[in-house]
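Structure first, commentary second.
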Amino acid sequence: MATTGATPTDWEFDKFDDGSLKIVGELQLKKYGGFLEDYASQLKEIEDALDDSIGDSWDMTLDPIALQVLPMEQTTLLQLIRTDNKILNKVLTVLAALSCEME
């Protein structure tokens, strides 16, 4: 008794397109479009909020007192250049002094 094996053509189904892939694709595209619209509106709100505050500048008539915040260095040039190598210290000190003179 010889048994015949199933061939790949026996298991092939008819190509049946009910349009479900197209429907799912369109649904995902609509969801993505909604997400992009929400995100764009959020970005626009942030941009509008920043635009209002960017143009504000200090008005002397409204605020007669202002703080000037500048860093103050209390170190000298020699303290900034200090290394263990004495020759390198001398070379860097000369170059730093020359650059200060050029300014």
Side-chain angles (χ1 to χ4, degrees):
M1 195 170 176
T3 59
T4 59
T7 62
T9 56
D10 293 338
W11 294 100
E12 286 184 17
F13 295 104
D14 292 335
K15 293 191 177 191
F16 179 72
D17 184 17
D18 61 350
S20 62
L21 290 177
K22 185 177 180 181
I23 293 170
V24 170
E26 288 175 358
L27 180 65
Q28 288 298 320
L29 192 59
K30 285 180 184 178
K31 285 183 181 180
Y32 186 65
F35 168 75
L36 285 179
E37 287 175 7
D38 292 341
Y39 190 67
S41 66
Q42 289 176 0
L43 287 177
K44 182 65 175 162
E45 290 173 4
I46 292 171
E47 182 183 7
D48 293 340
L50 290 176
D51 281 345
D52 294 340
S53 64
I54 288 176
D56 295 342
S57 61
W58 178 66
D59 187 9
M60 188 172 175
T61 57
L62 297 176
D63 300 319
I65 297 174
L67 294 177
Q68 186 176 12
V69 183
L70 295 174
M72 297 297 288
E73 284 283 334
Q74 298 296 326
T75 60
T76 63
L77 190 60
L78 295 175
Q79 290 173 340
L80 292 173
I81 296 176
R82 188 178 351 184
T83 64
D84 293 334
N85 189 341
K86 290 183 180 183
I87 296 174
L88 181 62
N89 282 348
K90 291 178 183 179
V91 170
L92 289 176
T93 303
V94 169
L95 291 175
L98 289 174
S99 69
C100 287
E101 287 180 12
M102 287 175 37
E103 290 178 358

Fill in the blank from the handout: So CG of L43 and CG of D38: to nearest 0.5 Å the spacing works out to 11.0 Å
Exercise for the section: Report whether L78 and L80 are members of the same hydrophobic cluster (ILVMFWY, side-chain heavy atoms less than 4.5 Å apart, transitive linking). Expected result: no
Handout entry: Over 12 foreign heavy atoms within 6.0 Å of CD1, I87
Key = no
Problem - By side chain to side chain donor-acceptor pair (under 3.5 Å) - contacts of S41 (at least two apart) - result: none
Practice task
Enumerate the residue pairs fulfilling side chain to side chain donor-acceptor pair (under 3.5 Å) with a member in residues 75-98, sequence neighbours excluded, ordered by first and then second residue.
Solution key: E73-T75, T83-N89
